[in-house]
Asker: 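To start, I am sharing the structure in question, which I have written as structure tokens.
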Amino acid sequence: MEYDVAVIGGGAAGMMAAITAAQAGAHTVLIEGGERLGKKLFITGKGRCNLTNACDTAEFFDHVNANPRFLYSPIYDFDAAAVMQFVESLGCPLKTERGERVFPVSDRSADVINALERALRKYGVDVKKNTKAAGLLRESAAEENPKKYRVTGVFLDNGDKISAKAVIAATGGVSYSSTGSDGSFFQSLMTLGHTVTALHPALVPLVLKEETASQMMGLSLKNVSVTLKCEKKKYKEGPGEMLFTHFGVSGPLILTLSSIYSRNYGGRSNMLTESFSIKKEYAKKFDKENDFGHNLKNYVEGKEADLYIDLKPGMTEEEIDARLIREISENRKKNYSNLISSFVPGQMKDVFPIIAGIDPSKKADQISREERRITAETLKKMHFTVIGTRDFNEAIVTSGGINVKEVDPSTMQSKLADGLYICGEMLDTDAQTGGYNLQTAWSTGHLAGLCAAGADM
Ligand SMILES: Cc1cc2nc3c(=O)[nH]c(=O)nc-3n(C[C@H](O)[C@H](O)[C@H](O)COP(=O)(O)OP(=O)(O)OC[C@H]3O[C@@H](n4cnc5c(N)ncnc54)[C@H](O)[C@@H]3O)c2cc1C
């Protein structure tokens with residue numbers, strides 16, 4: 001049977017693309033490798049699904065880390081308000097929380113998935129689960145340019161073929177590969193000449209060199225600022241929240257900084273070559289872009305960078321010193337670690353003197369002016385060394401993907417192969433936390449579905 005549109009990948013982007021194409025009248029098939037649709041969607045927002053961000057559309061692009069301009073057309077074509085109206089029209093009421101983050105009223109991601117599945121049924125999309133696409137059917141697009149292809153369908157890993165007038169690739173990135181997005185379909189697009197930019201884990205915890213960090217494991221800090229310094233460039237985030245873990249740091253401020261670190265200074269994981277076998281000819285191409293050198297367990301080594309935590313963003317070093325003088329005069333016989341506990345959380349009181357290099361048993365009245373200066377400086381700029389990130393299994397998104405220069409942003413059609421559309425996290429664009437990544441998936445999926453169906457724009 002020939003379909004008008006075949007969509008590969010039943011995640012957020014693929015489901016949206018399939019619904020939109022079918023709604024526009026195209027006979028559509030959705031091909032999903034896993035046993036369920038929306039497996040990643042299910043775990044988003046800690047199971048609550050932060051499905052978009054209700055900020056002004058123009059503001060959206062400030063939250064995109066890579067290639068925001070590429071997203072102008074898809075986002076303006078189908079913005080957060082359109083997504084919210086669409087999901088609510090499917091019987092899933094929504095609410096907007098702090099930071100304009102949008103969730104289903106029920107706080108259940110399953111309700112968003114159920115709503116999308118109802119729409120797939122309503123518009124008659126033929127859904128094929130447990131069906132893995134292994135490649136694309138193609139022919140030369142034109143005699144005068146035999147290198148330009150026309151995609152004519154999909155071939156499956158069981159050898160079957162599905163013919164379609166247009167194919168939408170929506171197989172995701174490579175993070176949380178247990179949800180189905182293992183990156184294997186990148187190779188099929190590379191056979192058509194597409195390139196994949198360097199892939200890095202993004203929105204991912206940072207690994208630190210110092211043991212003092214792991215000694216504070218579990219400590220969550222609120223209302224702190226964090227600065228990342230690498231190769232003379234500084235990136236500041238906060239005030240906000242972060243936390244210490246057994247390997248380093250995580251939490252909202254750190255995840256935001258991690259995307260900058262990963263893209264500019266991070267290493268590349270060899271997880272891709274482990275998770276699927278890339279044919280030799282493409283492996284070379286991949287290796288050129290992706291130096292799969294380092295992959296310690298769960299850890300992707302990157303360039304060393306300095307991380308400074310400002311524990312008192314509301315105070316200057318002079319104000320801290322004045323408070324220290326007051327505390328010392330009122331508590332002359334207290335030792336240093338007890339004195340410092342009125343400035344830092346309890347879990348930090350034993351580690352702080354180690355970081356500051358001051359004897360914790362020293363009595364308050366013996367603390368020198370220089371030690372006060374070091375104390376204030378440590379409170380304002382507690383220093384750690386970033387040596388890498390956790391790997392793709394802990395990365396909320398993938399930084400890197402199909403080079404956006406090879407995709408027409410006004411249609412999502414490949415510039416290298418007629419009839420092929422690409423959307424979602426496969427593309428080299430990623431954003432901060434707050435619903436922006438799912439909005440990208442909905443918007444690019446919607447535009448791809450509309451254009452693949454040949455609907456008037
Ligand atoms: C833990 C976690 C929490 C997150 N929380 C949020 C959040 O709250 N808000 C937000 O905006 N973003 C969030 N994200 C990011 C967001 O989930 C992704 O950016 C988004 O799901 C990408 O959608 P996608 O459709 O492009 O890819 P995916 O959702 O990864 O879907 C790709 C689909 O393609 C299928 N597939 C892959 N290869 C094949 C093949 N060869 N044949 C057939 N099918 C195939 C996969 O099985 C998968 O179902 C989170 C991510 C994670 C990991």
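Order of listing sets the numbers, starting from 1, for every ligand and every atom in it. Computation of the quantities below employed the complete heavy-atom set of this structure, encompassing side-chain atoms and omitting hydrogens, waters and symmetry-equivalent molecules.
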Asker: Could you tell me whether the side chain of Asn67 and the main chain of Asp428 form a donor-acceptor pair under 3.5 Å?
Answerer: yes

Asker: Is Leu203 in contact with ligand 1, taking contact as a heavy-atom separation below 4.0 Å?
Answerer: no

Asker: Considering only protein heavy atoms, which is closest to atom 23 (O) of ligand 1, and at what distance to one decimal place?
Answerer: Ala441 CB, 3.9 Å

Asker: Could you name the option among Glu394, Met426, Gln432, Glu32 that has the heavy atom nearest to atom 48 (C) of ligand 1?
Answerer: Glu32

Asker: Counting N and O atoms only, with roles assigned by atom type, does the side chain of Thr398 sit under 3.5 Å from a partner on the main chain of Ser175, one being a donor and the other an acceptor?
Answerer: yes

Asker: Locate the shortest heavy-atom distance separating Lys405 from Lys415; write the atom from each residue and the value.
Answerer: O-NZ, 3.1 Å

Asker: Any donor-acceptor pair under 3.5 Å linking the side chain of Ser214 with the backbone of Met217?
Answerer: no

Asker: Please identify which atoms of ligand 1 are closer than 4.0 Å to at least one heavy atom of Thr131.
Answerer: 43 (C)

Asker: Counting only heavy atoms, tell me which of Asp157, Thr171, Thr52 gets closest to atom 39 (C) of ligand 1.
Answerer: Thr171

Asker: Heavy-atom contacts under 4.0 Å between Ile8 and ligand 1: side chain, backbone, both, or neither?
Answerer: side chain

Asker: If you measure from atom 14 (N) of ligand 1 to every heavy atom of Leu156, Ile396, Val174, which option wins on shortest distance?
Answerer: Ile396

Asker: Select one of side chain, backbone, both or neither to describe which atoms of Leu41 lie under 4.0 Å from any atom of ligand 1, heavy atoms only.
Answerer: neither

Asker: For a quick check under 3.5 Å, do Gln439 and Thr52 share a side-chain donor-acceptor pair by atom type?
Answerer: yes

Asker: With a 3.5 Å distance limit and no angle check, can you tell me whether Ser89 reaches the backbone of Val87 through a side-chain donor-acceptor pair?
Answerer: no

Asker: Tell me which one of Asn130, Val397, Asn50 gets a heavy atom nearest to atom 9 (N) of ligand 1.
Answerer: Asn50

Asker: Evaluating non-hydrogen atoms only, which member of Thr44, Thr179, Leu30 is closest to atom 13 (C) of ligand 1?
Answerer: Thr44

Asker: Ser175 near ligand 1, heavy-atom distance under 4.0 Å?
Answerer: no

Asker: Check for a donor-acceptor pair, side chain of Asp56 on one end and backbone N or O of Ala58 on the other, with a separation under 3.5 Å.
Answerer: no

Asker: Under 4.0 Å, heavy atoms only, figure out whether ligand 1 is touched by the backbone of Lys40, its side chain, both or neither.
Answerer: side chain

Asker: Short list, please: which atoms of ligand 1 are under 4.0 Å from a heavy atom of Ala13?
Answerer: 25 (O), 26 (O)

Asker: Report, in ascending order of atom number, the atoms of ligand 1 lying under 4.0 Å from any heavy atom of Gly9.
Answerer: 33 (C), 34 (O), 35 (C), 44 (N)

Asker: Heavy-atom contacts under 4.0 Å between Ala134 and ligand 1: side chain, backbone, both, or neither?
Answerer: neither

Asker: With a 4.0 Å cut-off on heavy atoms, does Lys39 reach ligand 1?
Answerer: no

Asker: Kindly say whether Ala82 contributes a backbone atom to a donor-acceptor pair with the side chain of Trp442 at under 3.5 angstrom?
Answerer: no

Asker: Does any N or O atom in Gly33 lie less than 3.5 angstrom from one in ligand 1, N or O only?
Answerer: yes

Asker: Near Glu425, which atoms of ligand 1 are under 4.0 Å from a heavy atom of that residue?
Answerer: 18 (C), 19 (O), 20 (C), 22 (C), 26 (O)

Asker: Mind listing the closest non-hydrogen atom pair of Thr28 and Ala22 along with its distance?
Answerer: OG1-N, 3.6 Å

Asker: Would one find an N or O of Lys132, backbone or side chain, under 3.5 Å from an N or O of ligand 1?
Answerer: no

Asker: Check this for me - ligand 1, Cys423, N or O atoms closer than 3.5 angstrom, yes or no?
Answerer: no

Asker: What about Tyr76 and Phe61, are their ring centers closer than 6.0 Å?
Answerer: yes

Asker: Quick check against the 3.5 Å criterion: does Thr197 have a side-chain atom that pairs as donor or acceptor with the backbone of Gly401?
Answerer: yes

Asker: How close does the nearest protein non-hydrogen atom get to atom 30 (O) of ligand 1, and which residue and atom is it?
Answerer: Ser181 CB, 3.5 Å

Asker: Look at atom 20 (C) of ligand 1 and find which of Thr440, Asn437, Leu438 reaches it with the closest heavy atom.
Answerer: Leu438

Asker: Atom 42 (N) of ligand 1: which of Cys49, Gly424, Ala133 has the nearest heavy atom?
Answerer: Ala133

Asker: Test your reading of the model: is there a side-chain donor-acceptor pair from Ser258 to the backbone of Ala202, 3.5 Å cut-off?
Answerer: no

Asker: Are any of the side-chain nitrogens in Asp182 or Lys132 under 4.0 Å away from the carboxylate oxygens of its partner?
Answerer: yes

